[in-house]
4 protein chains.
Amino acid sequence: MSILVLYGSQREESNAKKLTQAVLEGIPHHAIDLRDCTILPINDHRHTPGGFLPVDDDYDTVIQEVLRHDILIFSLPIYWYGIPGRMKNFVDRWSVSLRDSRFDFKEIMRRKTAYVIAVGGDNPRVKGLPLIQQFQYIFDFVGMTFGGYIIGQANRPGEIEKDLRALAEAEQLNRILGQTGEA
Amino acid sequence: MSILVLYGSQREESNAKKLTQAVLEGIPHHAIDLRDCTILPINDHRHTPGGFLPVDDDYDTVIQEVLRHDILIFSLPIYWYGIPGRMKNFVDRWSVSLRDSRFDFKEIMRRKTAYVIAVGGDNPRVKGLPLIQQFQYIFDFVGMTFGGYIIGQANRPGEIEKDLRALAEAEQLNRILGQTGEA
Amino acid sequence: MSILVLYGSQREESNAKKLTQAVLEGIPHHAIDLRDCTILPINDHRHTPGGFLPVDDDYDTVIQEVLRHDILIFSLPIYWYGIPGRMKNFVDRWSVSLRDSRFDFKEIMRRKTAYVIAVGGDNPRVKGLPLIQQFQYIFDFVGMTFGGYIIGQANRPGEIEKDLRALAEAEQLNRILGQTGEA
Amino acid sequence: MSILVLYGSQREESNAKKLTQAVLEGIPHHAIDLRDCTILPINDHRHTPGGFLPVDDDYDTVIQEVLRHDILIFSLPIYWYGIPGRMKNFVDRWSVSLRDSRFDFKEIMRRKTAYVIAVGGDNPRVKGLPLIQQFQYIFDFVGMTFGGYIIGQANRPGEIEKDLRALAEAEQLNRILGQTGEA
């Protein structure tokens, strides 16, 4: 089982990243930081004759990497109570991959398990719940298993270290993921 | 009372736009289509010495227009069960405006009323509810009144015309907005 | 198509009932007011040897009536942001019907369509959304189609008449239900 | 700080109760099992001349006990995706206490902190989220602090012992509550 983390943080010192690193301590994994990628908003040509046009950015590289792994971890700040635009642009583009003739997107995705690690500053364990529900709908749509989520509370850089509950959950998930092994 | 619509659709023939036009029939208003703007994802420098750096895109033009109006209408497709990345990038950047010394962002925003007109294809009146909850949190954060929302069901271009319930709600909202008048 | 309304209001002059009557104007239907019934809380004997014990109240009469109809309308106040206890006790008892050897509960329920008409006083179009999500899960569990819902805003008796949006939606639903006819 | 647990389980061997006992291990507390009480559904006389009539059941005894404590723990199964009817009847009756002239209900409640410990069998960490949102609205309404929640996954009696994540969270909460001490 190989693991890919998608980091969707908007800043360098990210609490979501720190919490994710606690989850993955000692576990081999790959990671992509979306801040290092250019992923443009989708232009929806589902119903245009000719369909989607090629887009010159990093989407294809990232999605090819996604397709190669068994476990996906979405690591993100809860930004304005939702998925940050940068990461949402990536998910929105799945509409293109659903129509990509090179692979059967749903067929590949439905064999994967996804986890969400989200950190917010404003009562995230309640105000972050719509975001969790959305991820469930997203994963359901492509048939992917939603393995679980951790919501952490933090605002200033490093503050996640005070959220003992989130850290305890990270330890728990670390144990589970550690047992699945790495191919 | 002057009205500004923010169109967040990802395609030219948008059901959300059609539904919004039914809401605004005969009512003077301004509109910005985010597809005509470049709005980059935020790089969060809230906690970086020096703070946010100037960004060379259309965000400032759009937010200045937002600040000038009394009523904001967010018109958007429900995309992967959430706000499209293009529009989310715009909202994410409010974190910069909150720290803009040229104006008191919250003080201006809290005098406005916002409406949401969202159209989705997959059981949107249930699966679109997390998105509505997020908008409530967003508006609460800046103190803006959430005047109401309409959720329409449509997928292919033009299909919104069959959603008689959404059209009845649009007519209702048209009457309400028509009475508020235009300054 | 025969229609059964379950009234879950906690008082005589109910805004939810008034809104429901607007939905059903001119449409033949049956109705049960749960205030006229005694329905005790479930004692969960799913995992007790011997299973559920007979309960001496009106549950069986009500559920037999439910099973006979094609369309169910749950008409209720949003009470403390959820289903009133009286109506919730009724739904909780479905756990008994799922194990009733006289009929195949899910098999009968999955052929029905359910509607929800809910009225609340505290920002119900947002704060009532968790209740709508719960009804979706409830209906999903027994395989019943969720035909739609109307959320009205009202507090004092009669106040629903000022909620023009809810009344417009009621008119819309009246047209739809009127066309399905009565067997 | 004195602690009161309200048990809302529908059966004797309750996973929610087991999880709650893990939370409270070694911590002095009081407990009320709502199965030992008769609490009738509310008859809403808020707008009736004469107001609410006295009801001959255990509500008053329970609410007096609630008022005496600093920390309330709602321990419940997620039943049909919501609060069990038995416990919901109790909360619904708060509408009477809000008008009780013997005490200022909100004034007393807003000084308390509430926790929710909920166990469900069908994907509770996602499908139980509307229930959590409802508790937030309930606690907000009376001004009570929502200290946190644990969602466990279990169905058959005793199964909660396999939910290591919920047990880890229980341990965490045990540490927090243990530090607050008992008056």
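Nothing here was measured: the structure is a model prediction, and the numbers come from that model. Residue numbers begin at 1 in each chain, while the letters A, B, ... track the order of the sequences.
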Heavy-atom count check: over 12 atoms from other residues, nucleotides or ligands less than 6.0 Å from [X] [atom1]?
| X | atom1 | result |
| --- | --- | --- |
| D36(B) | CG | yes |
| R99(A) | CZ | yes |
| R175(B) | CZ | yes |
| E65(A) | CD | yes |

Can you say whether [X] sits under 4.5 Å from chain B via the side chain, the backbone, both, or neither, judging by heavy atoms?
| X | value |
| --- | --- |
| L131(A) | both |
| V126(A) | both |
| R35(A) | side chain |
| S9(A) | neither |

Distance check, rounded to the nearest 0.5 Å: L129(A) atom CG versus Y137(B) atom OH?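 Reported value, rounded in 0.5 Å steps: 7.0 Å.
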Which heavy atom of [X] sits nearest to which heavy atom of [Y], and what is that distance?
| X | Y | answer |
| --- | --- | --- |
| P157(A) | H47(B) | CD-CG, 3.4 Å |
| R86(A) | N43(B) | NH2-OD1, 2.9 Å |
| P130(A) | Q133(B) | CG-OE1, 3.6 Å |

Passing candidate, ring-ring contact (aromatic ring centres under 6.0 Å, His included) with W80(B), options W94(A), F90(A), F139(A):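 That would be W94(A); it is the only one of W94(A), F90(A), F139(A) passing the ring-ring contact (aromatic ring centres under 6.0 Å, His included) with W80(B).
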Do the non-hydrogen side-chain atoms of E13(A) and T48(B) ever get within less than 4.5 Å of each other?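 The answer is no; the side chains never approach within 4.5 Å.
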Do any of residues 116-123 of chain A have a heavy atom less than 4.5 Å from a heavy atom of chain B, and if so, which, in residue order? D122(A)
For S95(B), is it the side chain, the backbone, both or neither that has a heavy atom under 4.5 Å from a heavy atom of chain A?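 Interface part for S95(B): both.
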Spell out, as yes or no, whether a donor-acceptor pair under 3.5 Å connects the side chain of K88(A) to the backbone of M87(B). no
